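No experiment lies behind these values; they were computed from the predicted model shown.
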Amino acid sequence: MNFIEKLQLAYKKMQAAQRILVICHISPDADALASAGAMLEVAATLGLGSYAYAAKKNLDAYGFIPNENLITTVEPDDLRAFDIIIALDCGSISRTGLEARLRSLLKAAEEGRISRRPYIIEFDHHSPQEAYADLEVRLPDKASTTEIIYHFLKANGLEITKALANCILIGLMTDTGHFLHANSSREALAVSSEMLLRGASLPKIIENTVNNKSFSALKVWGRALENMQLNSETGLAFSALTAPEIAELLAPADARAEADLYSDIVSFLSTLSGVRVALLLREESGVVKGSLRTTDEDIDLARIAQNWGGGGHKKAAGFTLEGYLAKTERGWKVVKDAL
């Protein structure tokens, strides 16, 4: 089945459904939420009942995304109540926030303990990991998942309204670093241009994704740069932020609003002269989150992140480890107990 046929099959499944569940990845970014917003828009035109879920969604940062207010952090009661489950931008089943429940559902159906289960569709532009969906629409060469949603709309002859245009452009702009990253393809720029012609508001998106930095967030930037080290032999630039440092510098209200703060920092580090890979480690609620970025065509960060159970894209990836940061003479390491 080719790409267009998959997109058309996904729409046929939606047309035949009555209730759908839309899932974003844990701690969703703008691309994931905008993809969900677009799918909720399509569901509404079809008259479908819908429920949208995103574990650990930032409740204060993304109100400018159409339908974002319809995406809840409360898990759905019964997965079998839905005809279709649509996973967006998740990367893997472990990033859905419903991994245990989905695996249990799939196993029960496989063993014949339930008569029916929802049909699972996955739209994603991350590198493949574990296949779990009935229909996987995965294109790692696309700049964002909203770019795949654009092709979904085109393949099925659906009108791209102003709300849909905003969703698509938001995903493209944020996942390309506002067209500064290497994934800013000619196609991504062409789709973005078309979305502007269809009513997407560039000034509003810029206002909410670029011109929204707080004073305390700049302090975090300063500490990350102060803590930065560069290995001139390997081209690895790395920095770390401990939980006490973040708590000292970042006001709680700003922490809720600065959804892309750490992504912006590590992306900046990757652009410095002599840097091949940038790594930012930060503590959060008993885990250490690692963010990787590169502009080097010969480096695949998704494969590197998989060594620690993470994943992502070739040039942007991440991972999470249980533990805390400890500073050593050689740099930073992750330890099990807080010092």
Side-chain angles (χ1 to χ4, degrees), residues 1-28 31-33 35-57 67-140 145 148-149 152 155-156 158 306 309-311 320:
M1 191 182 305
N2 63 35
F3 175 50
I4 299 299
E5 290 171 338
K6 287 184 176 182
L7 295 173
Q8 291 172 340
L9 176 58
Y11 187 58
K12 287 179 181 177
K13 291 292 183 180
M14 290 185 69
Q15 288 177 305
Q18 293 184 333
R19 293 196 71 204
I20 68 168
L21 171 62
V22 176
I23 306 172
C24 302
H25 62 71
I26 298 171
S27 300
D31 181 34
L33 292 170
S35 297
M39 275 301 174
L40 290 172
E41 195 76 11
V42 173
T45 63
L46 291 173
L48 303 180
S50 60
Y51 192 95
Y53 170 70
K56 300 183 180 180
K57 184 187 81 165
N67 297 319
E68 180 273 343
N69 61 307
L70 301 179
I71 304 169
T72 180
T73 58
V74 179
E75 288 191 19
D77 291 330
D78 183 3
L79 298 183
R80 290 182 297 174
F82 301 97
D83 301 301
I84 295 176
I85 296 176
I86 300 176
L88 298 165
D89 200 44
C90 289
S92 67
I93 191 172
S94 64
R95 295 283 292 154
T96 61
L98 296 172
E99 179 182 9
R101 294 179 64 187
L102 286 170
R103 290 192 186 280
S104 178
L105 180 73
L106 291 169
K107 186 176 181 180
E110 183 180 348
E111 295 175 350
R113 289 185 282 112
I114 56 175
S115 59
R116 62 173 297 275
R117 67 165 176 81
Y119 187 85
I120 301 176
I121 304 173
E122 182 181 23
F123 291 88
D124 201 0
H125 73 131
H126 293 87
S127 299
Q129 293 191 39
E130 176 188 358
Y132 68 95
D134 299 297
L135 178 62
E136 183 181 90
V137 185
R138 182 185 301 279
L139 290 170
T145 295
I148 299 175
I149 301 299
F152 167 78
N156 292 290
L158 302 178
Q306 286 172 9
T320 300

Taking atom CD1 of Ile86 and atom SG of Cys24, what is their separation to the nearest 0.5 Å? 11.0 Å
Distance check, rounded to the nearest 0.5 Å: Ser27 atom OG versus Lys57 atom NZ? 12.0 Å
Please answer whether the main-chain N or O of Ala100 pairs with a side-chain N or O of Ser104 as donor and acceptor at a distance below 3.5 Å. no
Point-to-point distance, once rounded to the nearest 0.5 Å, from CD of Glu130 to OG of Ser94: 8.0 Å
Looking at every heavy atom in both Arg116 and Arg80, which two are closest together, and how far apart are they? NH1-O, 3.1 Å
Please give me the minimum heavy-atom distance between Ile71 and Ala54, naming the atom from each residue. CG2-CB, 3.8 Å
Minimum heavy-atom separation for Val74 to Tyr53, with atom names? O-CD1, 3.4 Å
Closest approach of Glu75 and Gly97, non-hydrogen atoms and distance? OE2-O, 3.9 Å
Write down the atom of Leu21, the atom of Leu79, and the distance for their closest heavy-atom approach. CD2-CD2, 3.7 Å
Given Thr73 and Lys56, is the side-chain contact (heavy atoms from CB on, under 4.5 Å) satisfied, shown in steps? CA-CA 6 Å; Thr73 58; Lys56 300 183 180 180; over 6 Å; no
Whether the side chain of Asn2 engages the backbone of Ile4 through a donor-acceptor N/O pair (distance < 3.5 Å, no angle test) should be reported. yes
Atom OG in Ser50, atom CE in Met39: separation rounded to 0.5 Å? 12.0 Å
Testing Arg103, Arg95, Arg101 one by one against Glu99 for a side chain to side chain donor-acceptor pair (under 3.5 Å), which residue passes? Arg103
Asp77, CG atom: more than 12 neighbouring heavy atoms under 6.0 Å: no
Could you go through the side-chain contact (heavy atoms from CB on, under 4.5 Å) check for Val22 and Tyr51 one step at a time? CA-CA 6 Å; Val22 176; Tyr51 192 95; over 6 Å; no
Hey, is the main chain of Gly91 close enough, under 3.5 Å, to the side chain of Asp124 for a donor-acceptor pair? yes
Please check if the side chain of Asn156 supplies one atom and the backbone of Leu7 the other of a donor-acceptor pair under 3.5 Å. yes
Check whether any side-chain heavy atom of Ile114 sits under 4.5 Å from a side-chain heavy atom of Leu105, and report yes or no. yes
To the nearest 0.5 Å, tell me how far Thr96 OG1 sits from Glu122 CD. 9.5 Å
Criterion side-chain contact (heavy atoms from CB on, under 4.5 Å) on Phe123 and Asp89, from CA distance to verdict: CA-CA 6 Å; Phe123 291 88; Asp89 200 44; over 6 Å; no
Looking at Lys6 and Glu136, is any side-chain nitrogen of the basic one under 4.0 Å from a carboxylate oxygen of the acidic one? no
From CA spacing to verdict: side-chain contact (heavy atoms from CB on, under 4.5 Å), His126, Arg138: CA-CA 7 Å; His126 293 87; Arg138 182 185 301 279; 4.2 Å; yes
So, taking the atom named OG1 in Thr145 and the one named CG in Leu88, what distance separates them when rounded to the nearest 0.5 Å? 7.0 Å
Tell me, which pairs form a side-chain hydrogen bond (donor to acceptor under 3.5 Å, both in side chains) where one or both residues lie in residues 8-18, sequence neighbours left out? none
Do Phe82 and Pro76 have side chains that approach each other closer than 4.5 Å (heavy atoms only, starting at C-beta)? yes
Is there a side-chain contact between Tyr119 and Ile85 in this structure, where contact means two heavy atoms from C-beta onward sitting under 4.5 Å apart? no
So, Arg117 and Asp134, do they make that salt bridge, N to O below 4.0 Å? yes
Carboxylate-amine/guanidinium contact Asp83 Arg19, below 4.0 Å: no
